[in-house]
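Below is one structure, written out as structure tokens, with a few remarks after it.
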Amino acid sequence: MKPNRQRPGTDDGLALQEAKPKVRRPPLYRVILLNDDYTPMDFVVYVLQKFFAMDHEKATQIMLHVHTRGMGVCGIFSRDIAETKVTMVNQFSREHQHPLKCTMEKL
């Protein structure tokens, strides 16, 4: 039996309107590289190109920013993508015996 939203011949003074669901965008996260004074600059540039699809010039700029200021933002992503990138960079760095660390923070 279908629900009857308004029966003919009855006027109870109510108008029914369907509620629109409130949709929020998912929170975004910054992916950050931390300076360690041991990882070679060329390796950092390579990581930025490999995992963040940066060209050589942009990767070099970010690497220098990390080197001079202690940290730098590699990109802004949804939570799942940010977590994946952090894990991949940290694992890749360990596999190549570098102490380079990557982390993330909510915007």
Side-chain angles (χ1 to χ4, degrees):
M1 181 185 261
K2 290 184 181 178
N4 193 355
R5 293 186 183 224
Q6 191 172 359
R7 287 181 262 170
T10 62
D11 186 2
D12 54 4
L14 295 176
L16 296 177
Q17 180 180 359
E18 291 187 32
K20 293 182 182 177
K22 293 182 181 180
V23 180
R24 287 187 281 156
R25 290 181 181 246
L28 297 176
Y29 292 80
R30 284 185 194 106
V31 175
I32 300 168
L33 272 183
L34 305 173
N35 187 39
D36 59 51
D37 292 331
Y38 297 102
T39 304
M41 293 179 178
D42 289 341
F43 183 78
V44 176
V45 169
Y46 180 73
V47 165
L48 291 167
Q49 290 176 303
K50 179 177 177 74
F51 295 104
F52 299 96
M54 294 182 187
D55 61 26
H56 187 75
E57 184 178 331
K58 180 69 174 172
T60 302
Q61 289 174 353
I62 299 293
M63 177 275 297
L64 290 172
H65 184 88
V66 171
H67 179 70
T68 58
R69 301 199 179 156
M71 62 175 15
V73 176
C74 305
I76 297 174
F77 306 96
S78 66
R79 181 178 176 190
D80 291 341
I81 293 172
E83 284 177 344
T84 300
K85 289 195 180 279
V86 167
T87 300
M88 290 170 64
V89 168
N90 289 336
Q91 182 177 357
F92 187 76
S93 296
R94 273 186 261 121
E95 287 172 1
H96 289 84
Q97 294 150 3
H98 293 298
L100 182 66
K101 292 285 185 200
C102 190
T103 187
M104 62 188 252
E105 66 180 27
K106 191 174 182 178
L107 283 177

message = Any non-hydrogen side-chain atom of F52 less than 4.5 Å from a side-chain atom of V31?
response = yes
inquiry  = Using every non-hydrogen atom in the two residues, find where R30 and I76 come nearest and quote the distance to one decimal.
reply    = CG-CG1, 4.2 Å
remark   = Closest heavy-atom pair, H65 versus G72, reported as atoms and distance to 0.1 Å, is CD2-CA, 3.7 Å
ask   = In terms of hydrophobic clusters joined by side-chain contacts under 4.5 Å, are V86 and V73 together?
value = no
inquiry  = Angle between ring planes, H96 versus F43, binned at 30° and 60°: parallel, tilted or perpendicular?
reply    = tilted
Intermediate values then yes/no, side chain to side chain contact (heavy atoms under 4.5 Å, CB included), L33 and M71 = CA-CA 6 Å; L33 272 183; M71 62 175 15; over 6 Å; no
query = Shared ILVMFWY cluster between V89 and L28, side chains joined below 4.5 angstrom?
reply = no
query = Sub-3.5 Å donor-acceptor pair from the side chain of N90 to the main-chain atoms of C102, do we have one?
reply = yes
Residue pairs, two or more places apart or on separate chains, that pass salt bridge (Lys or Arg N to Asp or Glu O under 4.0 Å) and touch residues 69-96 = R79-E83
query = Should V44 and L64 be regarded as members of a common hydrophobic cluster, given that ILVMFWY residues are connected when their side-chain heavy atoms come within less than 4.5 Å of each other, either directly or indirectly?
reply = yes
task = Decide if the gap between the ring center of Y38 and the ring center of H98 is smaller than 6.0 angstrom.
result = no
inquiry  = Side chains of T39 and D36 only: does a donor on one sit below 3.5 Å from an acceptor on the other?
reply    = yes
query = What is the minimum heavy-atom distance between V47 and L100, and which atoms define it?
reply = CG2-CD2, 4.3 Å
request  = Hey, could you give me each pair passing salt bridge (Lys or Arg N to Asp or Glu O under 4.0 Å) that has a residue in residues 38-67? Not counting sequence neighbours.
outcome  = none
message = If hydrophobic clusters are built by linking Ile, Leu, Val, Met, Phe, Trp and Tyr wherever their side-chain heavy atoms come under 4.5 Å apart, do M88 and L34 end up in the same one?
response = no
query = Looking at CZ of F51 and OG1 of T87, how far apart are the two atoms once the value is rounded to the nearest 0.5 Å?
reply = 11.0 Å
request  = Return the set of residues passing ring pair (Phe, Tyr, Trp, His ring centres under 6.0 Å) with F77 (not counting sequence neighbours), or none when no residue passes.
outcome  = none
Within-4.5 Å side-chain heavy-atom neighbours: M104 and I32 = no
query = Considering all heavy atoms of both residues, which atom of C74 and which atom of L48 are nearest to each other, and what is their separation?
reply = SG-CD2, 3.6 Å
